[in-house]
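FYI, the numbering just counts along the sequence from 1. Just follow the structure's listing: the first ligand is 1, and inside any ligand the first atom is 1.
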Amino acid sequence: MRQSRTLIPTLREVPADAEAKSHQLLLRAGFIRQNTSGVYSYMPLANKVIQKIQGIVRQEMENINAVEMMMPALQQAETWQESGRWYTYGPELMRLKDRHGREFALGATHEEVMTSIVRDEVKSYKRLPLTLYQIQSKFRDEKRPRFGLLRGREFIMKDAYSFHASAESLDETYKDMYQAYTNVFTRCGLNFRPVIADSGAMGGKDTHEFMALADIGEDTIAYSDQSSYAANIEMAEIAETVEAQNAEMEELQEVHTPSVKTIEELAAFLSVSPSNCIKSILLKADGRFVLVLTRGDHEVNDIKVKNLLHAETIEFANPEEVAEITGTEPGFVGPVGLNTEIEIYADFAVKAMANAVAGANKTDHHYQNVNVSRDADHVTYADLRLIQEGDPSPDGKGTIHFAKGIEVGQVFKLGTRYSEAMDATYLDENGRAKPMLMGCYGIGISRTLSAIVEQHHDDKGLIWPLAVSPYDLHILALNMKNDAQVQLAEKLYEDFQAKGFDVLFDDRAERAGVKFADSDLIGLPIRITVGKRADEGVVEVKIRQNGESFEIACDELFGFIEEQVKSLSSHS
Ligand code: ATP
Ligand code: MG
């Protein structure tokens with residue numbers, strides 16, 4: 001492509017409102033333009049990258065016999081009502097009405113549409129397993145669209161759905177998908193980790209998220225420094241520790257703690273360690289109040305509480321509710337002498353605490369020498385806290401560290417969640433109708449583009465891994481008024497295209513400085529500069545990734561570029 005004929009609107013300034021590096025660079029390099037909050041146009045260069053990523057995804061899907069199709073983005077409300085998600089999906093679902101007042105949604109995901117199609121078209125176990133997918137724009141009215149393509153309100157997703165007659169068959173496809181995703185993200189040049197994820201209250205059992213490691217990531221990953229263990233921080237399980245309470249239980253004692261509310265204040269006021277204070281939090285799980293206890297230096301993991309209680313929603317009780325139930329204000333709540341109708345859930349670590357400090361359910365007062373097993377009723381112990389850095393890895397190997405990640409994909413065993421709700425059954429060998437087992441598998445194509453940029457850039461601009469680069473080669477003719485340069489550049493442009501290279505040719509009548517700056521900003525892997533030595537048939541080749549440059553004679557050029565391509569391909 002001739003640069004004079006395409007549209008690459010590069011900017012010299014860093015756009016003021018873009019926080020994420022990928023957002024800044026994609027705007028500056030002319031890859032994307034915002035239309036409205038969370039809605040972007042993919043300019044010609046981004047469109048090329050999107051197509052390369054999609055090409056990789058299609059190959060890997062084909063390899064595991066997943067078949068591409070296309071479903072409508074416009075979905076009738078009835079299908080979502082059947083699954084129940086019309087009522088539970090919330091304001092993220094973009095809803096609209098047609099001229100007759102009938103309700104619709106713009107596809108946020110396609111479980112409903114796909115399940116209704118397969119329900120109608122597949123009747124026998126003989127047609128299973130079946131895996132279908134599409135690549136399409138999705139719509140979600142995100143509360144906080146941000147970071148450019150990382151969290152958009154319209155974004156491109158690959159979504160696959162699999163249908164099975166047995167759990168073994170679902171397992172097999174799940175494994176295939178897991179491997180295909182590993183291949184996709186490896187080929188895209190991403191540094192990523194598959195992590196154990198939350199399947200939610202509705203969920204099936206297994207699910208993994210594929211996390212591209214990046215500081216801008218909104219998810220925290222807990223990983224072991226000595227094994228492949230990695231989990232979304234919310235999902236990292238913590239085994240019950242069996243530290244014996246060897247201290248003798250002392251007598252419960254009420255102490256005056258005026259205005260001492262936080263664990264830090266409390267520990268300082270009583271000269272005890274935060275790890276010997278009990279944090280007591282009144283939560284509302286689907287409207288029912290429960291008291292959750294953790295050690296003062298630990299944090300409650302609300303996903304674990306939610307899953308334990310099979311609740312759809314968990315929220316903090318507000319101050320009025322706290323007053324009504326405990327007779328005091330947050331800060332002085334505790335397990336001792338609590339209204340007996342309130343169930344208490346304590347983290348395993350609380351069981352091992354002896355003679356601890358806890359709120360007395362009386363303003364400005366705490367208890368000392370609290371031993372929960374002795375002093376409180378209705379206590380259930382469970383794993384309820386967030387894992388911390390330095391904790392032992394749940395798989396018993398190594399120590400936990402944290403990293404930030406961007407969720408670029410997720411694989412999920414749905415089980416019969418949709419097939420039961422929507423009556424998607426098949427007839428087994430004995431002619432009995434059974435609900436199909438299902439899996440669903442998403443890749444954020446546009447988010448992956450941004451994640452690649454987060455990991456591959458420097459202060460001059462983007463650095464594309466070859467496999468997803470908009471073009472393989474950037475040919476620059478430095479002076480368009482110089483015939484020797486123009487002729488040689490034109491010839492190289494033709495020759496490399498004829499050899500199957502995807503080439504961007506900077507044939508603009510711009511100054512050399514502008515061309516170099518734009519070229520670094522756009523970040524194609526290999527640049528061929530036709531400059532002063534054109535009449536001798538010598539060009540400069542520069543590798544964007546490491547900045548190495550070479551003066552090469554044209555008769556050796558093709559072989560040299562092939563070598564560079566080989567070496568760049570083996571690095572990604
Ligand atoms: P998140 O937790 O980041 O909101 P999600 O878990 O709701 O994402 P899924 O329903 O699993 O997303 O969608 C499949 C994939 O689509 C995600 O793994 C992610 O890569 C991508 N994706 C989801 N929401 C967005 C968005 N708002 N903008 C861009 N990509 C998205
Ligand atoms: Mg997800």
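Among protein heavy atoms, atom 24 (N) of ligand 1 sits closest to Phe155 CZ, 3.5 Å. Regarding atom 13 (O) of ligand 1, its nearest protein heavy-atom neighbour is Met157 CE, 3.4 Å. Closest to atom 17 (C) of ligand 1 among all protein heavy atoms lies Glu407 OE2, 3.3 Å. When hydrogens are left out, the protein atom nearest atom 4 (O) of ligand 1 is Arg151 NH1, 2.9 Å; that is the closest non-hydrogen contact.
For the residues Ala108, Gly444, Ala197, Ser450, the heavy atom positioned nearest atom 15 (C) of ligand 1 is part of Gly444. Here the shortest heavy-atom distance to atom 12 (O) of ligand 1, taken over Lys138, Arg140, Gln410, belongs to Arg140. When the options Glu92, Arg144, Arg447 are ranked by their closest heavy atom to atom 25 (C) of ligand 1, first place goes to Arg447.
Under a 4.0 Å criterion applied to the non-hydrogen atoms of Leu150, ligand 1 contributes the atoms 28 (N), 29 (C). Within ligand 1, counting atoms from 1 as listed, the ones closer than 4.0 Å to a heavy atom of Leu149 are 29 (C). For ligand 1 and Val408, the ligand atoms under 4.0 Å from any heavy atom of the residue are 18 (O), 20 (O). Of all atoms in ligand 1, numbered sequentially from 1 with element shown, those under 4.0 Å from a heavy atom of Glu142 are 24 (N), 26 (C), 27 (N).
In this structure, His23 and Tyr40 have perpendicular ring planes: the angle between them is above 60°, well past the 30° mark. Between Tyr174 and His208, the ring planes lie tilted relative to each other; the angle falls in the 30° to 60° range.
Salt bridge annotation for Arg153-Glu142: absent, with no cationic side-chain nitrogen under 4.0 angstrom from a carboxylate oxygen. For the pair Asp391 and Arg385, the salt-bridge criterion is met [side-chain N within less than 4.0 Å of a carboxylate O]. Electrostatic pairing of Arg119 and Glu82 counts as a salt bridge here, judged by a charged N lying under 4.0 Å from a carboxylate O. A salt bridge is defined here as a Lys NZ or Arg NE, NH1 or NH2 lying under 4.0 Å from an Asp or Glu carboxylate O, and Asp206 with Lys175 fails to meet this definition. Between Asp458 and Lys460 there is no salt bridge, since no side-chain nitrogen of the basic residue lies less than 4.0 Å from a carboxylate oxygen of the acidic one.
Checked by atom type, the side-chain pair Gln179/Asn183 shows a donor-acceptor distance below 3.5 Å. For the residue pair Tyr345 / Glu343, a side-chain donor-acceptor distance below 3.5 Å is found, with atom types taken as modelled.
Nearest to the Mg ion (ligand 2), among the N, O or S atoms that Glu407 has, is OE2.
Checked by distance only, ligand 1 and Gly152 come closer than 3.5 Å through their nitrogen or oxygen atoms.
For Asp159, the heavy-atom gap to ligand 1 stays at 4.0 angstrom or more.
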